[in-house]
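Below is one structure, written out as structure tokens; the observations come after it.
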Number of protein chains: 2
Amino acid sequence: MSVAGTRLTKQKSLILDLILGTKCHPTADWVYQEARQHIPDISLGTVYRNLNALANQGLIREMNYAGSSSRYDGDVSQHYHFTCQSCGNVFDLPLEAFTMIDNLVEEQEGHSVEAHRLEFYGTCKTCKIEEKQ
Amino acid sequence: MSVAGTRLTKQKSLILDLILGTKCHPTADWVYQEARQHIPDISLGTVYRNLNALANQGLIREMNYAGSSSRYDGDVSQHYHFTCQSCGNVFDLPLEAFTMIDNLVEEQEGHSVEAHRLEFYGTCKTCKIEEKQ
DNA sequence: TTAGTAATGAGAATAATAACTATATATTCA
DNA sequence: TGAATATATAGTTATTATTCTCATTACTAA
Ligand SMILES: [Mn+2]
Ligand SMILES: [Mn+2]
Ligand SMILES: [Zn+2]
Ligand SMILES: [Zn+2]
């Protein structure tokens, strides 16, 4: 599985497997720490380079945030996320796409909407229970 | 207008006036360049310190983005934004708050939603016209 | 007027990510 | 097969927005 002009190296293949094998929406550094256990001298630059390449190929998805590290997601199907401000975990949300809000903006303002970014913040189910104790 | 333990310096007051006097959602550097024309030796650190202070006081709003500078908004009322990927301008959207989607996440997932972030990207009205020529 | 407090300007520090570079693999095809 | 060529790598340095540090200055209120 390789696009013309690109090679599927053991590093890239490992990085892809790590992303596909977790549901934790990991950061580049998480991927780096895991990858080192299989390829001890892999470099952080290689991790970033391949995460970008994989995202450009559409095999993974990058979620970036101001002030903190990007997270990567092996599930490239459309879905939204909830970030817990207490534990920091990112959870998938099984909501369908709100495409109607794009149309609303196009109709009301006349701009041409290509995408929207929607994410939720708060306290997750688990942290809510812990707070009560 | 000063909160106990804080002083309204000429720097802070100027920065607030600059933010309130524009609709362009400026960056810290834009504020810095404008401010220097009134207080030539104002420092960029002072601009950042005051922008943060004003945002904490709720007098302005900070909008941050991964990979590019934060923008500041003197309009602290609830409203969404559209960013043009062609000219880079940020436009206000007169949409009412989508509070129902917070409830949807709470009901479906059991997390406690404190806020959501929703922004739109695409090509603005003006850039669309220029593209056609 | 003076002691105490808060803010400033200048510059250094930070942190995530990208760019650079010499070396090492992979792929192509003679 | 084995050069010749193309791509990726490890290790390192650079970038960029923002924050931090600290000596100095400006308020504030007794
Ligand atoms: Mn996900
Ligand atoms: Mn606005
Ligand atoms: Zn949590
Ligand atoms: Zn535009």
Side-chain angles (χ1 to χ4, degrees), chain A residues 1-19 25-57 59-73 83 88 90, chain B residues 1-19 25-57 59-73 83 88 90:
Chain A
M1 188 205 285
S2 78
V3 177
T6 79
R7 290 166 189 177
L8 185 59
T9 61
K10 63 177 179 181
Q11 289 88 343
K12 184 179 211 165
S13 147
L14 170 60
I15 288 164
L16 180 56
D17 286 351
L18 289 170
I19 295 287
H25 304 92
T27 63
D29 199 68
W30 183 96
V31 174
Y32 176 53
Q33 300 305 337
E34 290 292 312
R36 291 175 76 179
Q37 310 199 0
H38 299 89
I39 306 174
D41 70 344
I42 194 172
S43 78
L44 184 55
T46 294
V47 172
Y48 273 108
R49 195 181 335 103
N50 281 304
L51 287 172
N52 285 338
L54 291 166
N56 287 337
Q57 287 179 246
L59 296 174
I60 67 174
R61 182 173 150 194
E62 177 185 354
M63 302 182 288
N64 59 20
Y65 306 94
S68 58
S69 309
S70 282
R71 289 168 170 275
Y72 298 87
D73 196 339
T83 302
V90 172
Chain B
M1 190 206 282
S2 79
V3 177
T6 78
R7 292 167 188 174
L8 185 58
T9 61
K10 62 177 180 182
Q11 288 89 346
K12 185 179 211 166
S13 148
L14 170 61
I15 289 164
L16 180 56
D17 286 350
L18 288 169
I19 295 288
H25 305 92
T27 63
D29 198 66
W30 182 96
V31 174
Y32 177 51
Q33 300 304 338
E34 290 292 313
R36 291 175 78 180
Q37 310 200 1
H38 299 90
I39 306 175
D41 71 342
I42 194 170
S43 79
L44 184 55
T46 294
V47 171
Y48 273 108
R49 194 176 338 100
N50 281 305
L51 287 171
N52 285 338
L54 291 166
N56 287 336
Q57 288 179 246
L59 296 175
I60 67 173
R61 182 174 152 195
E62 177 185 353
M63 302 183 289
N64 59 21
Y65 308 93
S68 57
S69 309
S70 283
R71 288 169 170 273
Y72 299 86
D73 196 339
T83 301
V90 172

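In what follows, every chain begins at residue 1, and chains take the letters A, B, ... in the order their sequences are listed.
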Looking at CD1 of B/I42 and CZ of B/R36, how far apart are the two atoms once the value is rounded to the nearest 0.5 Å?
-> 10.0 Å
With a 4.5 Å limit on heavy-atom distance, are the side chains of A/I39 and A/K10 in contact?
-> yes
Rounded to whole angstroms, how far apart are OH on A/Y48 and C1' on C/dA15?
-> 9 Å
Donor-acceptor pair present, B/R7 side chain and C/dT5 base, under 3.5 Å = yes
For B/N52, report the nucleic acid contact type (base, sugar-phosphate, nothing); a contact means any heavy atom under 4.0 Å.
-> sugar-phosphate
With a non-hydrogen cut-off below 4.0 angstrom, is A/S70 in contact with a base, only sugar-phosphate, or nothing?
-> sugar-phosphate
Select one nucleotide: of C/dT8, D/dA8, D/dT18, the one nearest the side-chain heavy atoms of A/R49.
-> D/dA8
Nucleotide of C/dT17, C/dG9, D/dA17 approaching B/S69 most closely (side-chain heavy atoms) = D/dA17
Establish, with yes or no, whether the OP1 or OP2 oxygen of D/dT9 is under 4.0 angstrom from a side-chain nitrogen or oxygen of A/S43.
-> no
Side chain of B/H25, backbone of B/Y72: donor and acceptor closer than 3.5 Å?
-> no
Can you tell me how far C1' of C/dG9 sits from CZ of B/R36, to the nearest Å?
-> 12 Å
So, is B/T9 near the phosphate of C/dT8, with a side-chain N or O under 4.0 Å from OP1 or OP2?
-> yes
Can you find a pair of side-chain heavy atoms, one from B/Y65 and one from B/R71, that are under 4.5 Å apart?
-> yes
For D/dA26, does OP1 or OP2 lie under 4.0 Å from any side-chain N or O of B/Q11?
-> no
Would you indicate, yes or no, if C/dA16 has its OP1 or OP2 atom less than 4.0 angstrom from a side-chain nitrogen or oxygen of A/N64?
-> no
Please state how far atom CG in A/L8 lies from atom P in D/dA6, giving the value in whole angstrom units.
-> 21 Å
Sugar-phosphate, base or nothing in reach of A/D29, heavy atoms under 4.0 Å = nothing
Take atom CD1 of A/I15 and atom C1' of D/dT9, then tell me their distance rounded to the nearest Å.
-> 11 Å
Flag side-chain contact, heavy atom, 4.5 Å: A/D17 against A/I19 = no
For B/K10 and for B/A28, locate the closest nucleotide of DNA chain D by heavy-atom distance; then report the residue assigned to the nucleotide nearer the 5' terminus.
-> B/A28
